[in-house]
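Only one structure is covered here, and it is reproduced in the block below.
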Number of protein chains: 2
Amino acid sequence: MRLTRAGEYAVRCMIYLSHKGVGVLVSKQEIAERADIPTHFLAKIAQDLARAHLIEIRQGPKGGYSLLKDPAEVSLLEVVEVMIGEIYLNDCVGRPETCPASKRCAVHKVWEDARDQLRETLAGVSFAQLSEKESCIPVFPVHKKG
Amino acid sequence: MRLTRAGEYAVRCMIYLSHKGVGVLVSKQEIAERADIPTHFLAKIAQDLARAHLIEIRQGPKGGYSLLKDPAEVSLLEVVEVMIGEIYLNDCVGRPETCPASKRCAVHKVWEDARDQLRETLAGVSFAQLSEKESCIPVFPVHKKG
DNA sequence: ATATATGAGATATTAAATATCTTATTTATC
DNA sequence: GATAAATAAGATATTTAATATCTCATATAT
Ligand code: SF4
Ligand code: SF4
């Protein structure tokens, strides 16, 4: 019942890029340092974000990542689910076929409602909102390159 | 972002006992079969439920488990958290010391609110309510003993 | 006393998350 | 075009957690 590190890192990456604005190219190294993400792990995460058309990856010298979509149009839910798949709290909500009772189970309904409520909450938060407010980015220590 | 099997099984066990009523002794075998829980796994789960004073365990011939508390006084949240610990969706909500930004992070606040909302939803459902409605129990196939 | 049923903890197995490594590709600059 | 800089993509470790099972101990009805 917790977000994976990959999910958390993806959010940080998107927040950093949202601060910079749409289309602004930022190097992987800079994001990794300022958002406190292991460099190689960020590479993997960026691939997922790019596949989802949230960011664009540019190779070569002066390469890096840039935001593709207006932060106002990107929700926290979207980024989280790109990384961990659709949220469903209990297995039977995402895969009803795994439990023969799912069609008539009172507990199932509770988990379904809770899932819907959670997804709505996360869908209601955009990266524009998040980057207007105080975020984590200024807090993380800047590490030495290496 | 999903419930563990142990959590799901604990809920099933509690539902089965709620159907029987407070103080009614039911054998481990019967619960394991009717609620479709691996027998040895149920033993482990029952220990946790007993430690939390939700059920009483009786050893010896004609032993088994019995409900200790009125199902109206036991919430879904309580049983789930006995098994998986306090729900917190993102690490930093349960352990703010793991992220230096937690005090001033807009994302952190979203996860906190979502966590509170989810816990409230689960706290609002009692096992009395659940056992009044249709549940999973009549659906599971009855296996042969062995 | 005996047989039955569970306790409690240890151990094994499986699966997932996390992190890193290697080889390949892209592209700015010379 | 050649070179060097930066990331891609996938493979491979490593770590951690979940899941399941096993073993020896304990309780109790008969
Ligand atoms: S018993 Fe109900 S809550 Fe549990 S897995 Fe089946 S459908 Fe879901
Ligand atoms: S950056 Fe914010 S949301 Fe992410 S771990 Fe830190 S406090 Fe939590």
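Numbered from 1 within each chain, the chains take letters A, B, ... in sequence-line order.
- With sequence neighbours excluded, the residues that form a salt bridge (Lys or Arg N to Asp or Glu O under 4.0 Å) with B:Lys20 are B:Glu30.
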Side-chain polar contacts of residues 99-107 of chain B - donor-acceptor pairs under 3.5 angstrom, sequence neighbours left out - could you list them?
residue	atom	partner	partner atom	Å
B:Ser102	OG	B:Pro96	O	3.0
B:Ser102	OG	B:Cys99	O	3.1
B:Arg104	NH1	A:Glu134	OE2	3.3

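- Taken residue by residue, residues 2-16 of chain A places heavy atoms nearer than 4.0 Å to DNA chain C at A:Arg2, A:Thr4, A:Arg5, A:Ala6, A:Tyr9.
- The nearest whole Å value for the distance from the CD1 atom in A:Ile31 to the P atom in D:dT7 is 9 Å.
- In this structure, the side chain to side chain contact (heavy atoms under 4.5 Å, CB included) partners of A:Asp70, at least two apart in sequence or on a different chain, are A:Ala72, A:Glu73.
- Straight-line distance from the CG atom of A:Asp91 to the P atom of D:dA18: 13 Å, rounded to whole Å.
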- Message: Please evaluate residues A:Ile31 and A:Cys13 with respect to the criterion side-chain contact (heavy atoms from CB on, under 4.5 Å), reporting the C-alpha separation (whole Å), side-chain torsions for both, the decisive distance (0.1 Å), and the verdict.
- Response: CA-CA 7 Å; A:Ile31 300 171; A:Cys13 172; 4.1 Å; yes

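- With sequence neighbours left out, A:His19 forms a side chain to side chain donor-acceptor pair (under 3.5 Å) with no residue at all.
- When the nearest nucleotides of DNA chain C are assigned to A:Lys62 and A:Leu42 by heavy-atom distance, the more 5′-ward of the two goes with A:Leu42.
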For residues 122-133 of chain A, which side-chain N or O atoms pair as donor and acceptor with protein atoms under 3.5 Å away, sequence neighbours left out?
residue	atom	partner	partner atom	Å
A:Ser126	OG	A:Ala128	N	3.3
A:Ser126	OG	A:Gln129	N	3.1
A:Ser126	OG	A:Gln129	OE1	3.4
A:Gln129	OE1	A:Ser126	N	2.9
A:Ser131	OG	A:Phe127	O	3.0
A:Ser131	OG	A:Ala128	O	3.4

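- As a whole-Å value, the separation of A:Lys28 NZ from D:dA8 P is 6 Å.
- Rounded to a whole Å, the CD1 atom of A:Ile45 is 12 Å from the P atom of D:dA8.
- Residue B:Glu56 contributes atom CD, which lies 15 Å from atom P of D:dA27 at whole-angstrom precision.
- Proximity of a side-chain donor or acceptor of A:Arg34 to a complementary backbone N or O of A:Phe140 within less than 3.5 Å is not detected.
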Set out, line by line, the N/O atom pairs under 3.5 Å between protein and nucleotides 23-25 of chain C.
residue	atom	partner	partner atom	Å
C:dT25	O2	A:Gln59	OE1	2.8

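- Applying the side chain to side chain contact (heavy atoms under 4.5 Å, CB included) criterion to B:Gln59, with sequence neighbours excluded, gives no partner residue.
- If you take CG of B:Leu49 and P of C:dA8, they are 12 Å apart, rounded to a whole angstrom.
- Residues passing the side chain to side chain contact (heavy atoms under 4.5 Å, CB included) test with B:Gln117 are A:Gln117, A:Thr121, sequence neighbours excluded.
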Enumerate, atom names and distances included, each donor-acceptor pair closer than 3.5 Å involving a side-chain atom of residues 40-53 of chain A, sequence neighbours excluded.
residue	atom	partner	partner atom	Å
A:Gln47	NE2	A:Ala43	O	3.4
A:Asp48	OD1	A:Arg51	NH2	2.9

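- Sorted by first then second residue, the side-chain hydrogen bond (donor to acceptor under 3.5 Å, both in side chains) pairs that include residues 78-96 of chain A, not counting sequence neighbours, are A:Lys69-A:Glu78, A:Glu81-A:Arg119, A:Glu86-A:Arg115, A:Tyr88-A:Arg95, A:Asn90-B:Glu8, A:Asp91-B:Arg2.
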If you restrict it to nitrogen or oxygen atoms, what contacts under 3.5 Å exist between nucleotides 9-12 of chain C and the protein, and what is each distance?
none

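- Rounding to whole angstrom units, CZ of residue A:Phe41 and P of D:dA13 are separated by 18 Å.
- Computed from coordinates, the A:Tyr65 OH to D:dA6 C1' distance equals 10 Å when rounded to whole Å.
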